[in-house]
Amino acid sequence: MENINVPQHIGFIMDGNGRWAKKRAMPRNFGHSRGAEVFKKTINWCRELGVKCATFYAFSTENWKRPDDEIKGIMKLLRQYIKDIREFSDEDIRIIILGDISAFDEDIRAELLDITDTSKDNTGFIVGIALNYGGRAELALAAKKISERCVLGELSPDNITEQLVESCLYTSEMPPLDLVIRPSGEQRLSNFLIWQAAYAEFVFMDVLWPDFTKKDLENAIEEYAGRNRRFGGV
């Protein structure tokens with residue numbers, strides 16, 4: 001997009017898959033499958049439009065509360081996601097996983113660790129994937145890391161700064177979050193990047209995630225570009 005201020009880091013809350021399927025009298029997992037296709041397309045759209053980093057809310061800490069058959073379907077789909085992600089890692093894309101992956105099956109954990117390791121030197125684009133992620137859990141983990149250093153005498157509580165906290169977050173090697181896009185008509189963060197979103201712009205859309213298009217992304221970026229980001233100043 002020419003002559004406009006393109007956000008460097010966009011967070012996507014991929015919402016509405018289940019409702020999309022229900023509207024079509026299909027199982028909820030059918031919507032998750034269609035949403036995964038849009039996930040792949042959105043990465044390419046971001047790259048084409050000049051975005052440098054995109055983080056996707058794929059599975060939250062709260063999503064474990066869903067019915068067992070839906071969870072099984074999501075885990076099956078996650079294995080397909082991983083295959084797709086591996087292809088992206090071959091295109092100079094760095095993959096960063098946000099969240100506690102210890103809850104996943106061993107094969108999923110091994111694949112995710114391998115992808116993050118083999119792509120760590122890629123510089124063309126960054127894709128963050130939030131899996132078993134919660135913003136509050138992320139902050140609690142950062143507090144735990146910092147408190148452990150204090151107990152060991154490596155750090156004084158007086159030395160705790162915002163920069164130190166940020167260095168302990170999953171996003172420490174990502175650009176600052178500029179824009180959060182949430183389709184589906186809901187207007188809340190749902191525990192997504194709550195520290196990082198402190199000064200991000202929000203764009204909420206009535207479109208369900210499986211219907212999200214490149215035009216929707218362009219419209220969100222144009223709306224972002226037209227806003228006056230003062231970061232607390234005048």
Side-chain angles (χ1 to χ4, degrees), residues 5-13 46 50-64 85 89 92-104 108-182 188-203 224 227-234:
N5 179 27
V6 175
Q8 295 301 287
H9 183 180
I10 301 178
F12 293 91
I13 300 177
C46 284
V51 179
K52 301 300 182 186
C53 176
T55 298
F56 297 86
Y57 205 7
F59 191 84
S60 76
T61 51
E62 291 77 21
N63 286 156
W64 294 108
I85 294 166
S89 68
D92 197 26
I93 294 178
R94 181 179 181 185
I95 309 298
I96 295 177
I97 304 299
L98 296 73
D100 177 12
I101 65 170
S102 66
F104 296 120
I108 292 176
R109 296 198 307 269
E111 288 283 354
L112 293 174
L113 290 172
D114 182 65
I115 290 170
T116 55
D117 182 62
T118 57
S119 70
K120 66 180 183 299
D121 295 325
N122 292 346
T123 59
F125 190 79
I126 299 175
V127 172
I129 305 175
L131 292 166
N132 196 26
Y133 171 87
R136 291 178 176 178
E138 180 181 28
L139 291 175
L141 179 61
K144 180 180 178 181
K145 291 178 180 178
I146 293 170
S147 64
E148 287 173 346
R149 291 182 60 188
C150 290
V151 169
L152 292 172
E154 299 175 357
L155 186 70
S156 165
D158 292 335
N159 299 132
I160 299 174
T161 63
E162 292 183 14
Q163 291 72 27
L164 178 62
V165 174
E166 288 181 350
S167 72
C168 296
L169 301 179
Y170 295 118
T171 53
S172 61
E173 298 182 74
M174 293 178 168
L177 183 66
D178 294 315
L179 172 64
V180 175
I181 298 175
R182 180 167 191 164
R188 56 180 177 271
L189 280 177
S190 295
N191 206 14
F192 178 60
L193 300 180
I194 53 178
W195 173 285
Q196 297 85 343
Y199 279 105
E201 297 296 320
F202 301 159
V203 173
Y224 164 87
R227 295 183 183 178
N228 181 15
R229 304 184 74 202
R230 297 183 298 277
F231 299 95
V234 178

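The chain is numbered in sequence order, starting from 1.
Distance check, rounded to the nearest 0.5 Å: OG1 of T161 to CG of N159 gives 8.5 Å. The CG atom of L131 sits 5.5 Å away from the CD1 atom of I97 when rounded to the nearest 0.5 Å. Atom CD1 in I181 sits 9.0 Å away from atom CZ in F56 (nearest 0.5 Å). One finds the CG atom of N63 at 9.0 Å from the CG atom of N132 (value rounded to the nearest 0.5 Å). Atom CD of E201 is separated from atom CG of L179 by 7.5 Å, given to the nearest 0.5 angstrom. How far OG1 of T118 is from CD1 of I95: 8.5 Å, rounded to the nearest 0.5 Å.
Inter-residue side-chain proximity for R94 and V127 is flagged as unmet; no heavy-atom pair is nearer than 4.5 Å. Contact check for I129 versus I85: side-chain heavy atoms found under the 4.5 Å cut-off. Using a 4.5 Å cut-off on side-chain heavy atoms (C-beta onward), L193 and L98 make contact. Side-chain contact check for R227 versus V203: some heavy-atom pair is nearer than 4.5 Å. Two residues are said to be in side-chain contact when any heavy atoms from C-beta on lie closer than 4.5 Å; L169 and L139 meet this criterion.
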_Does S190 form a side chain to side chain donor-acceptor pair (under 3.5 Å) with R182? I'd like the steps, not just the answer._
CA-CA 10 Å; S190 295; R182 180 167 191 164; 2.7 Å; yes
*After noting the C-alpha distance and the side-chain angles of E138 and Y170, does the key distance pass the side chain to side chain donor-acceptor pair (under 3.5 Å) rule?*
CA-CA 7 Å; E138 180 181 28; Y170 295 118; over 6 Å; no
*Could you go through the side chain to side chain contact (heavy atoms under 4.5 Å, CB included) check for T55 and I10 one step at a time?*
CA-CA 6 Å; T55 298; I10 301 178; over 6 Å; no
*Evaluate the side chain to side chain contact (heavy atoms under 4.5 Å, CB included) criterion for residues C168 and I146: first the C-alpha distance (whole Å), next the side-chain angles of each, then the deciding distance (0.1 Å), finally the verdict.*
CA-CA 8 Å; C168 296; I146 293 170; 3.9 Å; yes
*Given I96 and I126, is the side chain to side chain contact (heavy atoms under 4.5 Å, CB included) satisfied, shown in steps?*
CA-CA 7 Å; I96 295 177; I126 299 175; 4.0 Å; yes
_The test is side chain to side chain contact (heavy atoms under 4.5 Å, CB included); show your working for L189 and N191 and say whether it passes._
CA-CA 6 Å; L189 280 177; N191 206 14; over 6 Å; no
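A197 approaches V180 most closely through the heavy-atom pair CB-CG2, 4.5 Å. V6 and Y224 get closest at one heavy-atom pair: C-CE2, 4.2 Å. Nearest approach of C150 to S156, heavy atoms of both residues: SG-C, 4.3 Å. Closest heavy-atom contact between I13 and R188: CD1-O, 4.0 Å. Nearest heavy atom pair, residue G135 against residue I194, reads C-CD1, 3.6 Å. F125 and V51 get closest at one heavy-atom pair: CE1-O, 3.0 Å.
Side chains of R136 and T61: a donor-acceptor N/O pair is absent below 3.5 angstrom, by distance only.
For CD of E162, the number of neighbouring non-hydrogen atoms (other residues, nucleotides, ligands) closer than 6.0 Å is 12 at most.
Listed for the S119 side chain is no donor-acceptor partner under 3.5 Å among the backbone atoms of N122. Checked by atom type and distance alone, the side chain of D178 pairs as donor or acceptor with a backbone atom of Q8 at under 3.5 Å. For R149 (side chain) and L155 (main-chain N/O), no donor-acceptor pair under 3.5 Å exists by modelled atom type. With hydrogens and angles disregarded, a donor-acceptor distance shorter than 3.5 Å links the side chain of D92 to the backbone of T123. Of the possible polar contacts, none joining the D117 side chain to the D114 backbone as a donor-acceptor pair under 3.5 Å is found. H9 places a side-chain N or O within 3.5 Å of a backbone atom of P175 that can act as its donor or acceptor partner.
Ring orientation note: the planes of Y57 and F192 are close to parallel, at an angle under 30° on the 30°/60° scale.
With respect to the salt-bridge test (charged N to carboxylate O, under 4.0 angstrom), the residues K120 and E173 do not qualify.
You'll find the ring centres of Y133 and W64 outside the 6.0 Å limit.
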